[in-house]
Amino acid sequence: MTLYVKYDLNITCDILLREVLDRMGLEYRLQGIGEIEILGQISEGRLEELSRDLDRYGIEILNDHRIALIQRIKNAVDEMLDDEKTRTQKISVYLADRLNYSYNHLSNLFSEATYTSIENYLILRKVDHAKELISQTDLTLTEIAHRLHYSSVAHLSGQFKKTTGITPTTFQNIMKRRKMNSELAR
């Protein structure tokens with residue numbers, strides 16, 4: 001039997017971080033996306049233990065502020081796309097408000113480190129969301145375009161094809177065939 005699940009990575013990570021930090025008896029405050037304030041002192045040994053515990057779950061403690069800020073930008077983009085209320089905001093305003101840096105600074109840092117723009121990263125993530133919605137729901141392409149705040153299905157289709165090399169309709173048909181083959185195999 002195949003089960004299809006949907007999960008929110010932000011909630012999952014938040015719960016996981018709390019469990020690990022509580023188990024270690026550390027006093028902390030989750031500052032938001034990808035940022036934990038440890039209240040009080042933490043020894044080098046305890047920090048290594050925390051790093052090992054988190055590493056088991058694919059969570060890495062970043063020591064470089066620039067790398068950490070780039071990860072926070074990526075996390076904020078994902079958070080923005082996951083939240084219906086913020087999805088309509090301009091990315092520049094959202095990131096500047098959310099991360100307390102000028103958008104120009106964030107954009108330059110992101111481009112230098114990733115060799116792509118924040119806007120291009122946003123498009124890639126929107127296409128990923130479209131693929132999830134196509135494969136996990138019965139929404140029409142019009143509904144998906146609306147949900148992801150594309151101006152039209154044609155706009156979604158253009159970005160989808162440019163990013164993946166196939167149209168959303170082709171992807172939808174591939175997913176339907178996979179699902180049908182999976183059901184026939186049972």
Side-chain angles (χ1 to χ4, degrees), residues 2-103 105-107 109-111 113-114 116-137 139 143-144 146-149 163:
T2 302
L3 298 176
Y4 298 95
V5 298
K6 181 181 178 200
Y7 48 88
D8 183 319
L9 288 176
N10 290 329
I11 293 171
T12 304
C13 282
D14 187 62
I15 291 169
L16 185 72
L17 287 171
R18 289 178 190 279
E19 287 177 359
V20 169
L21 293 164
D22 289 344
R23 185 172 54 241
M24 289 187 65
L26 295 172
E27 290 187 46
Y28 62 91
R29 182 180 12 236
L30 297 181
Q31 298 285 86
I33 305 170
E35 193 172 347
I36 305 165
E37 179 184 1
I38 301 294
L39 306 174
Q41 297 295 322
I42 183 170
S43 69
E44 192 65 36
R46 297 278 283 158
L47 189 56
E48 287 176 21
E49 179 185 351
L50 175 61
S51 183
R52 276 192 311 274
D53 283 356
L54 293 176
D55 191 50
R56 290 181 34 225
Y57 301 102
I59 299 172
E60 180 183 353
I61 295 175
L62 302 174
N63 295 323
D64 183 334
H65 175 68
R66 289 170 36 97
I67 294 171
L69 186 53
I70 290 162
Q71 188 58 50
R72 289 179 63 209
I73 292 168
K74 290 178 177 181
N75 291 344
V77 168
D78 287 342
E79 185 179 79
M80 178 184 170
L81 290 174
D82 287 339
D83 185 353
E84 185 66 34
K85 294 175 202 158
T86 60
R87 209 178 286 155
T88 57
Q89 287 184 343
K90 289 183 75 168
I91 188 71
S92 56
V93 173
Y94 178 77
L95 289 177
D97 288 348
R98 184 78 175 93
L99 301 175
N100 296 317
Y101 287 94
S102 77
Y103 181 73
H105 173 72
L106 296 172
S107 180
L109 178 70
F110 193 87
S111 296
T114 64
T116 191
S117 67
I118 291 173
E119 290 79 8
N120 192 53
Y121 180 75
L122 175 64
I123 290 168
L124 294 173
R125 295 304 296 139
K126 283 176 83 170
V127 168
D128 284 345
H129 276 270
K131 289 192 289 190
E132 288 174 20
L133 291 170
I134 289 169
S135 61
Q136 297 176 3
T137 70
L139 295 173
E143 292 168 326
I144 291 170
H146 177 74
R147 183 175 284 191
L148 295 176
H149 296 282
T163 302

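Hydrogens, waters and symmetry mates play no part in the numbers below; they use all other heavy atoms, side chains included. This structure is a prediction, so every number in the text was calculated from the model and none was measured.
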Would you find a donor on one side and an acceptor on the other, under 3.5 Å apart, between the side chain of [X] and the backbone of [Y]?
| X | Y | value |
| --- | --- | --- |
| Arg72 | Ile67 | no |
| Ser135 | Glu132 | yes |
| Ser107 | Tyr103 | no |
| Ser51 | Leu47 | no |

Non-hydrogen atoms of [X] and [Y] that approach each other most closely:
| X | Y | value |
| --- | --- | --- |
| Leu95 | Ala76 | CD2-CB, 3.5 Å |
| Tyr101 | Leu99 | CD1-O, 3.0 Å |
| His149 | Lys126 | O-NZ, 4.0 Å |
| Phe110 | Thr116 | CD2-O, 3.5 Å |
| Ser117 | Ser111 | CA-OG, 3.9 Å |
| Ile70 | Ala113 | CD1-CB, 2.9 Å |

Spacing of [atom1] belonging to [X] relative to [atom2] belonging to [Y], to within rounding of 0.5 Å:
| X | Y | atom1 | atom2 | value |
| --- | --- | --- | --- | --- |
| Leu26 | Leu39 | CG | CG | 9.5 Å |
| Arg29 | Ile36 | CZ | CD1 | 12.5 Å |
| Asp53 | Leu21 | CG | CG | 9.5 Å |
| Ile134 | Leu139 | CD1 | CG | 9.5 Å |
| His129 | Asp82 | NE2 | CG | 4.5 Å |
| Arg98 | Ile73 | CZ | CD1 | 12.5 Å |

Do other residues, nucleotides or ligands put more than 12 heavy atoms under 6.0 Å from His146 NE2?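 Not buried by this count: 12 neighbours or fewer within 6.0 Å.
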Taking atom CD as the centre, does Gln136 end up with more than 12 heavy-atom neighbours from other residues, nucleotides or ligands that are less than 6.0 angstrom away?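 More than 12 within 6.0 Å, yes.
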May I ask you to decide whether [X] forms a salt bridge with [Y], counting only side-chain N to carboxylate O separations under 4.0 Å?
| X | Y | answer |
| --- | --- | --- |
| Arg46 | Glu49 | yes |
| Lys74 | Asp78 | no |
| Asp128 | Arg125 | yes |

[Y] side chain reached by [X] side chain, heavy atoms, under 4.5 Å:
| X | Y | value |
| --- | --- | --- |
| Lys90 | Val93 | yes |
| Leu54 | Glu60 | no |
| Ile123 | Tyr121 | no |
| Asp55 | Ile61 | no |
| His105 | Leu69 | yes |
| Asp22 | Tyr28 | yes |

Tyr57 versus Glu19, side-chain donor and acceptor atoms under 3.5 Å: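 Tyr57 and Glu19 do not have a side-chain donor-acceptor pair below 3.5 Å.
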Any luck finding a side-chain donor-acceptor pair between Asn75 and Gln71 under 3.5 Å?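 Asn75 vs Gln71: donor-acceptor pair found between side chains.
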Working note: Leu50 + Met24, criterion side chain to side chain contact (heavy atoms under 4.5 Å, CB included); need CA distance, chi angles, decisive distance, verdict. CA-CA 8 Å; Leu50 175 61; Met24 289 187 65; 3.8 Å; yes
